Amino acid sequence: MATGKRRKKNVEYRRANMTGSITEIHRDDIRAKYSVRVTVGHKIDKNGKKVQDRRLVGYYETKEQAETALQNYLLDAQTNGELFDKNKANKIKIKDMWERFVEYKGKQNLSEKRMDAFGYDLIHIPEAVMELTFEQTNYQIWEKIFDDIKAKTSYSTLKRIRGDFSGMYNYAKRFEVTVPNYPEMYSLGKSLKKGKTLVFSKSEIETLWAKHYAMQGNTEARFAVNSVLILIYCGCRINELLDLKNEDVHMSEHYFEIINAKTPAGLRRIPIHKAVYHIWQEYFDPNNTYFLTMPHTGKKYTYANYRDSYWDRLVVELEWPEDMTPHNARKTFSSYMKYYNVNATCQKIILGHEGKMDLQESVYTAVPTSKIIEELGKIPTDYKKLVELVDEFNDVRTKKKLGTV
């Protein structure tokens, strides 16, 4: 039985990893039957897979010539520092990778304040450490840096810096850096503020009102202040306010409705407090789809846009704690309701906490909107009459500790 001529496979003379390879090509129409290639790194192919990046050194007639050429190439590459080393990436300096990392983060449309924070990070990192290569770093170096930061700055600053450098180490893996992520190993410990409610102080609220009355002609700055006052006096979530449509705002009845929520408890009616009713009137326009719309565009605000353009700027301008977020306005509102003894069931309805209701509240109790509005009226309309929450809470804690309450 006749059989077809079997094609001989190319024969590759295997060597140690990363020291090149010699392949014999079995073809009668060529003289140089030995090809020499070296791996110079890795690349991503068109399918998104990581593959070797191989360089052709040349073709040779004999195996001996091929081996000589390869040895000469490796010797020359090693002398000139061009030989691919699987640990070569570990010799990249921290400062060089940090620059690449910050440039990479800059392409993600982060706020100006967030980008500035990368510059502030370097204030706390010794220059000598930034000059080290990845393979020269270890856990003890980063532990000392973070311990020093912890002793000199706030918990939130420590958390941000550790997070940024941990992110850099993860980013460095894209360049074949193989050392462990030492910053990620560092334990932050518990925040001293953990368990405490970060609320707006009375002086901070008074400052907001003062700016509200002083900024009659500055639309943008006035909007930033007014939006925070709305949040402090209504207690809804920031996304609920930004998504609120005018058709769900009932100005004459002094309430608005949340009709799009993740849970049934989130569907609710929230009173418009008398203190900020005139602010609601200022922004309510039935011709717009959304209650709050961008000037000249009629489009709704996104959370990212609101944070970058308004909230974060107020944090810097008014020197609020850097970990203050729009959610702290909701906490402030909740604290005032509790202090002024707003009916407990009404509190849960307004905040959308029906999940915390007992059986009687959730099934057998129907609370009319007028009652909820009436209960919210317990919070003073005159901001000067508001209690100082921080001092009041500290007094209560002290009394409980002393056993006087």
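All heavy atoms count here, side chains included; hydrogens, waters and symmetry mates do not. The structure presented is a predicted model; accordingly, all values stated were derived computationally and were not measured.
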*Between Glu99 and Lys95, is the closest basic N to carboxylate O distance under 4.0 Å?*
no
*Shortest non-hydrogen contact between Val199 and Ser335, atoms and distance*: CG1-OG, 3.7 Å
*Establish, yes or no, whether a centroid distance under 6.0 Å links the rings of Tyr301 and Tyr310.*
yes
_Pair listing, salt bridge (Lys or Arg N to Asp or Glu O under 4.0 Å) test, anchored in residues 300-315, at least two apart_ = Asp243-Lys300, Arg307-Asp312
_Determine whether a donor-acceptor pair (N or O, by modelled atom type, separation under 3.5 Å) exists between the side chain of Glu135 and the backbone of Val179._
no
*Check whether NZ of the Lys or CZ of the Arg Arg174 lies under 6.0 Å from the centre of the six-membered ring of Tyr104 and within 45 degrees of that ring's axis.*
yes
*For Arg269 and Glu253, what are the C-alpha separation, side-chain angles and deciding distance, and is it a salt bridge (Lys or Arg N to Asp or Glu O under 4.0 Å)?*
CA-CA 11 Å; Arg269 292 181 175 182; Glu253 289 86 2; over 6 Å; no
*asked:* Whether the side chain of Arg162 engages the backbone of Tyr186 through a donor-acceptor N/O pair (distance < 3.5 Å, no angle test) should be reported.
replied: yes
_Check ion pair Asp164-Arg114 (N to O, under 4.0 angstrom)_ = yes
*asked:* I'd like to know whether NZ of Lys378 has more than 12 heavy-atom contacts from other residues, nucleotides or ligands below 6.0 angstrom.
replied: yes
_I'd like to check the ring-ring contact (aromatic ring centres under 6.0 Å, His included) partners of Phe284; sequence neighbours left out, ordered by chain and number._
none
*Would you name the heavy atoms of Tyr59 and Ile25 that are closest together and state the gap between them?*
CE2-CD1, 3.8 Å
*asked:* Once you measure the plane-to-plane angle for Trp142 and Tyr169, does it fall in the parallel (<30°), tilted (30-60°) or perpendicular (>60°) bin?
replied: perpendicular
*Does Arg100 pair with Asp96 as a salt bridge, N-O distance under 4.0 Å?*
no
*Backbone of Arg330 reached by a side-chain donor or acceptor of Ser334 within 3.5 Å*: no
*Minimum-distance pair of heavy atoms, taken over all atoms of Ser166 and Glu184*: OG-CB, 3.4 Å
*asked:* Ring-plane angle category for Phe200 and Trp311, please: parallel below 30°, perpendicular beyond 60°, tilted otherwise.
replied: perpendicular
*Can any side-chain N or O of Asn246 pair as donor or acceptor with the backbone N or O of Asp285 at less than 3.5 Å?*
yes
*More than 12 foreign heavy atoms under 6.0 Å from OH of Tyr120: is that the case here?*
no
